[in-house]
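Only heavy atoms go into these numbers, but all of them, side chains included; no hydrogens, no water, no symmetry mates. Everything numeric here is computed off the predicted structure, so don't read it as measured data.
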Amino acid sequence: MDGFRVETEDDGVVHRLRLIGELDAATVEVLRSAVSEAMGNGAERVVLDLGELDFVDSTGLGALIGALKRMRESGGELALTAVRPRVIKLLELTGLDKVFTIG
């Protein structure tokens with residue numbers, strides 16, 4: 001879990017989760033817990049701020065997809081913002097840039 005954390009902000013409308021560090025097999029539970037907590041607090045719109053996300057591996061991508069799926073299943077939405085070029089390239093290579101709302 002070393003090297004990754006999630007900072008949360010909630011303005012009553014949007015629940016923002018800022019991902020900081022490296023999202024990989026060792027750290028995905030931190031993200032899953034943060035999304036579950038946001039949903040438990042009634043979040044209908046979650047924005048994942050990836051501006052400080054240094055690295056994401058396939059397990060991390062899977063966690064992002066899982067978060068999107070859970071939000072959609074509950075009638076909510078999940079978007080990505082401040083996505084770094086390296087992560088955008090990964091999303092494009094996997095076709096996930098067409099799945100996620102990126103703003």
Side-chain angles (χ1 to χ4, degrees):
M1 213 176 303
D2 192 43
F4 181 77
R5 71 182 192 278
V6 177
E7 293 180 356
T8 62
E9 284 177 33
D10 184 359
D11 66 7
V13 176
V14 175
H15 199 95
R16 179 179 299 270
L17 303 177
R18 186 171 36 242
L19 310 187
I20 302 166
E22 298 184 358
L23 181 59
D24 57 24
T27 62
V28 293
E29 279 307 315
V30 176
L31 174 62
R32 288 183 184 134
S33 294
V35 171
S36 292
E37 183 177 327
M39 292 176 70
N41 290 334
E44 293 179 15
R45 178 162 167 73
V46 172
V47 174
L48 300 180
D49 181 335
L50 307 185
E52 296 180 62
L53 186 65
D54 297 323
F55 173 82
V56 60
D57 71 0
S58 60
T59 307
L61 282 178
L64 292 173
I65 294 165
L68 176 66
K69 186 176 178 181
R70 285 194 319 237
M71 286 299 297
R72 286 184 176 168
E73 287 172 350
S74 72
E77 64 178 286
L78 182 137
L80 307 178
T81 190
V83 185
R84 289 180 162 185
R86 181 180 334 161
V87 177
I88 282 282
K89 188 172 197 169
L90 180 61
L91 294 173
E92 289 171 349
L93 286 170
T94 58
L96 293 173
D97 61 317
K98 296 181 180 37
V99 175
F100 285 98
T101 299
I102 301 173

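- Here CZ of F100 is found 5.0 Å from CG of L64. Values are rounded to the nearest 0.5 Å.
- Checked by atom type and distance alone, the side chain of S33 never pairs as donor or acceptor with a backbone atom of V30 at under 3.5 Å.
- Residue V83 is not grouped with residue V47 when hydrophobic side chains (ILVMFWY) are merged at heavy-atom distances under 4.5 angstrom, including chains of intermediate members.
- Across all non-hydrogen atoms, the minimal contact from G51 to R84 is O-NE, 2.8 Å.
- The CZ atom of F4 sits 5.5 Å away from the CG atom of L31 when rounded to the nearest 0.5 Å.
- Other residues, nucleotides and ligands place more than 12 heavy atoms under 6.0 Å from the CD atom of E92.
- The only member of V99, L78, T94, L96 that meets side chain to side chain contact (heavy atoms under 4.5 Å, CB included) when paired with I65 is L96.
- Looking at heavy atoms from C-beta onward, T27 lies out of side-chain contact with E22 at the 4.5 angstrom threshold.
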Review point. Run the side chain to side chain contact (heavy atoms under 4.5 Å, CB included) check on R16 and T81 step by step: do they pass?
Key: CA-CA 10 Å; R16 179 179 299 270; T81 190; 3.3 Å; yes
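- For the pair D49 and A82, the tightest heavy-atom approach, listed with the atom from each and the gap, is OD1-CB, 3.4 Å.
- Residues T101 and E77 have side chains not in contact (no heavy-atom distance under 4.5 Å, counting atoms from C-beta outward).
- Between G60 and D57, the closest heavy-atom pair is N-OD1, 2.9 Å.
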I88 vs I102, test: side chain to side chain contact (heavy atoms under 4.5 Å, CB included). Steps then yes/no.
CA-CA 9 Å; I88 282 282; I102 301 173; 4.2 Å; yes
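- Heavy-atom minimum distance, M71 versus E44: CE-O, 3.7 Å.
- One finds the CG atom of L23 at 9.5 Å from the CG atom of L48 (value rounded to the nearest 0.5 Å).
- Taking 4.5 Å as the limit, every side-chain heavy atom of L50 sits out of range of all side-chain heavy atoms of V56.
- Listed here is the closest heavy atom pair of A67 and V35: CB-CG2, 3.9 Å.
- We find the CG-CG distance between D10 and L17 to be 9.5 Å, quoted to the nearest 0.5 Å.
- The CZ atom of R5 sits 7.0 Å away from the CD atom of E52 when rounded to the nearest 0.5 Å.
- Residues L61 and V46 are members of one and the same hydrophobic cluster, defined by side-chain heavy-atom contacts under 4.5 angstrom among Ile, Leu, Val, Met, Phe, Trp and Tyr.
- No donor-acceptor pair under 3.5 Å is formed between the side chain of R45 and the backbone N or O of V13.
- At a threshold of 4.0 Å, the pair R32-E29 counts as salt-bridged, since one of the basic side-chain nitrogens sits closer than that to a carboxylate oxygen.
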